[in-house]
There are 2 protein chains.
Amino acid sequence: MTPSDRKPDLSAQIAQAIRDAIVEGRMIVDERLPSEAELADQFGVSRSTVREALKRLAAQSLIRTQRGAFGGAFVNRLSYQEAYGQHITTSTLLLSMNDVRFETACEARYAMERACAPLAAERRTPRHLSMMRTEIERQATASLSDEDFCASDVALHRALVDAAGNPVLSYQLAGAVEAMQPLMNMITFTARSREEIVALHKKLVDALDTRDAAAADTALHSLESYTLTLGRDVLAARARRSATA
Amino acid sequence: MTPSDRKPDLSAQIAQAIRDAIVEGRMIVDERLPSEAELADQFGVSRSTVREALKRLAAQSLIRTQRGAFGGAFVNRLSYQEAYGQHITTSTLLLSMNDVRFETACEARYAMERACAPLAAERRTPRHLSMMRTEIERQATASLSDEDFCASDVALHRALVDAAGNPVLSYQLAGAVEAMQPLMNMITFTARSREEIVALHKKLVDALDTRDAAAADTALHSLESYTLTLGRDVLAARARRSATA
DNA sequence: GCTTAATAAATGTCAGACAATTAAAAGTCT
DNA sequence: AGACTTTTAATTGTCTGACATTTATTAAGC
């Protein structure tokens, strides 16, 4: 009855049928799907329609295709790498297209980072610490552009997340952290604010170094409120500009 | 040189080109893409190839299509609803296909839930509390199947996440919580274990009711370790069975 | 002015052809 | 027999052209 529940395309229906089979485990990883011609027969549609369905599934990394004899479409083992990529694309678009407030995204990001701070404090390796310290040094470089500063910030926080040693957590948080980058990029980081951030980053790494979960939590809270202040200033300045213009 | 860097299909290349335009903001929401025929001209390919590219984008909810005169493909505003759906599908598959250990998924899930507990304690409305209490009552019903018990568990935890009042956080966590369900479904909940879980759920809701973030955190910690125990028992039993078989 | 019919633009689907790729099978030479 | 080469068959990738279906606009008729 609603305008959106009209029957979808044949290719969408077929894609959904195969997707269900994969998600419900009726088809297992690396299993070969019937050839396009066979699928066309089975579903009673043309090969073009089947191909469109398969392309939909390929776009979600559910299948991969191989040409040639004994080729075909195979159920794809979804790798963390592929899942990361999709999650980041989706999260970035979700934020940019829905006018998500800076405060909201910032809050979500730091809430999630705090979630992995205790685990990171427990499990961080020397490699994690040195990676984070390398980024902090880079951030102290005066000649760094705002964009590069942001990128380094993301790299540091990514290291924090990875230090928790839980790939599922890393996957889930990658989207939140990376998707924030475009929002962060609109901030102009003054020399003063960079100093402040670098100091807080140092506190954070030192806390992880000494396995002090509480101190790490505090550092992240400080970082959140400071980032929030910076973001608010930018938005306020922008609002003033548009009011006078 | 690696086997994977061979040039992808034309339809994949075209999809990527359009995807870049959308992600980078060169095409804005609700903007109409050229017709399939025009795109075929522009890219110098046939209409079929263009269609396959568009289906890829549609599978990611990046575009929607409308038939008829003045129809065509339009840049789609990615809704939270669509993003949820994709995130859940991806997360579920990632977990089921990569032999993620129960412990890992469980840890990630509760770490993220604890992240929103303080916000939920602050912002929960009476509606959230009553929703959670309704689910707890249902969980105390002896006749409930294991599957329904799990579903109610997910509903309760979903309410907890939503109580944090941050849609971005809700989106990110939906995947983690829902993707756990298949793993949880393998657990047989005895009457004794259900009592225990219901008691912990009550503690959690009471903590939110009194806006006691620390108590909520404690309840979630207890829930995590208890869930972990249940999961480990199941896995141990399964290991015994397969050893004797 | 309102209703209805024609129109045109677009996507959806189909059929058939050929190109490109690739693993297996068959053939050939030493 | 074994190593190398050629052929073959299966399968995906791409193109062309046609027709069906949908739908907003336009025109016609009353």
Side-chain angles (χ1 to χ4, degrees), chain A residues 1-19 21-22 27 30-76, chain B residues 1-19 21-22 27 29-77:
Chain A
M1 303 303 163
T2 58
S4 65
D5 70 354
R6 284 173 315 229
K7 72 175 172 194
D9 294 349
L10 284 179
S11 70
Q13 293 177 43
I14 292 168
Q16 190 57 49
I18 300 175
R19 181 162 29 238
I22 296 174
M27 302 203 69
D30 291 336
E31 186 174 340
R32 183 179 176 283
L33 276 70
S35 72
E36 295 175 353
E38 284 174 300
L39 286 171
D41 267 0
Q42 285 179 25
F43 286 102
V45 300
S46 71
R47 205 186 132 208
S48 341
T49 303
V50 167
R51 279 183 63 78
E52 288 176 7
L54 293 180
K55 294 313 165 201
R56 289 177 189 267
L57 298 174
Q60 295 179 298
S61 302
L62 294 185
I63 62 169
R64 61 176 187 281
T65 51
Q66 225 172 353
R67 296 178 68 168
F70 291 71
F74 298 83
V75 177
N76 188 44
Chain B
M1 304 307 162
T2 60
S4 65
D5 68 0
R6 284 175 315 232
K7 71 175 173 193
D9 295 349
L10 284 178
S11 69
Q13 292 177 42
I14 293 168
Q16 190 57 49
I18 300 175
R19 180 160 33 236
I22 295 174
M27 302 204 68
V29 167
D30 292 335
E31 185 174 339
R32 184 179 176 281
L33 275 70
S35 72
E36 295 175 354
E38 285 173 300
L39 286 171
D41 267 359
Q42 286 179 25
F43 286 102
V45 299
S46 71
R47 205 186 133 208
S48 344
T49 304
V50 167
R51 280 183 63 79
E52 288 176 8
L54 294 180
K55 295 312 166 201
R56 289 178 190 268
L57 299 174
Q60 295 179 300
S61 303
L62 293 185
I63 61 169
R64 61 177 187 282
T65 52
Q66 224 171 354
R67 295 179 68 168
F70 291 73
F74 297 82
V75 177
N76 189 43
R77 178 186 303 278

Any chance you could measure [X], atom [atom1], to [Y], atom [atom2], to the nearest 0.5 Å?
X     : Y     : atom1 : atom2 : answer
A/L33 : A/I22 : CG    : CD1   : 6.0 Å
B/M27 : B/I18 : CE    : CD1   : 8.0 Å
B/Q60 : B/N76 : CD    : CG    : 12.0 Å

Protein-nucleotide distance ([X], atom [atom1]; [N], atom [atom2]), rounded to Å:
X     : N      : atom1 : atom2 : value
A/I63 : D/dT11 : CD1   : P     : 15 Å
B/L57 : C/dT11 : CG    : C1'   : 16 Å
B/R64 : C/dT11 : CZ    : C1'   : 15 Å
B/L10 : D/dG13 : CG    : C1'   : 8 Å
B/D41 : D/dT16 : CG    : C1'   : 14 Å
B/D9  : D/dT14 : CG    : C1'   : 10 Å
B/K55 : C/dT13 : NZ    : C1'   : 11 Å

4.5 Å side-chain heavy-atom contact, A/I14 and A/V45
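A side-chain contact under 4.5 Å exists here.
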For A/R51 and A/S46, indicate whether the former's side chain and the latter's backbone hold a donor-acceptor pair under 3.5 Å.
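Side chain of A/R51 to backbone of A/S46, a donor-acceptor pair under 3.5 Å: no, none is there.
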Has B/R47 got a side-chain atom pairing as donor or acceptor with B/L39's backbone, closer than 3.5 angstrom?
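No, the answer is negative, given that no donor and acceptor are paired below the 3.5 Å cut-off.
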Could you give all pairs that pass the salt bridge (charged side-chain N to carboxylate O under 4.0 Å, His left out) test and reach residues 62-77 of chain B, with sequence neighbours left out?
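Listed by first then second residue: B/D30-B/R64.
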Given D/dG13, is OP1 or OP2 found less than 4.0 Å from the side-chain N or O atoms of A/R51?
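Indeed, a polar side-chain atom of A/R51 lies that close.
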Side-chain N or O of B/T49 closer than 4.0 Å to phosphate OP1/OP2 of D/dC15
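Result: yes.
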For the side chain of A/S46, counting heavy atoms from C-beta on, which of C/dA15, D/dT16, C/dT11 is nearest?
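For the A/S46 side chain, the nearest candidate turns out to be C/dA15.
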Distances under 3.5 Å between nitrogen or oxygen atoms of protein and nucleotides 4-10 of chain C:
from, atom 1, to, atom 2, distance (Å)
C/dA9, N3, B/A69, N, 3.1

Taking donor-acceptor contacts at under 3.5 Å, does the side chain of B/R47 reach the base of D/dG17?
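Result: no qualifying N/O pair found.
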With a non-hydrogen cut-off below 4.0 angstrom, is B/S48 in contact with a base, only sugar-phosphate, or nothing?
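Counting heavy atoms under 4.0 Å across all strands, the contact made by B/S48 includes a base.
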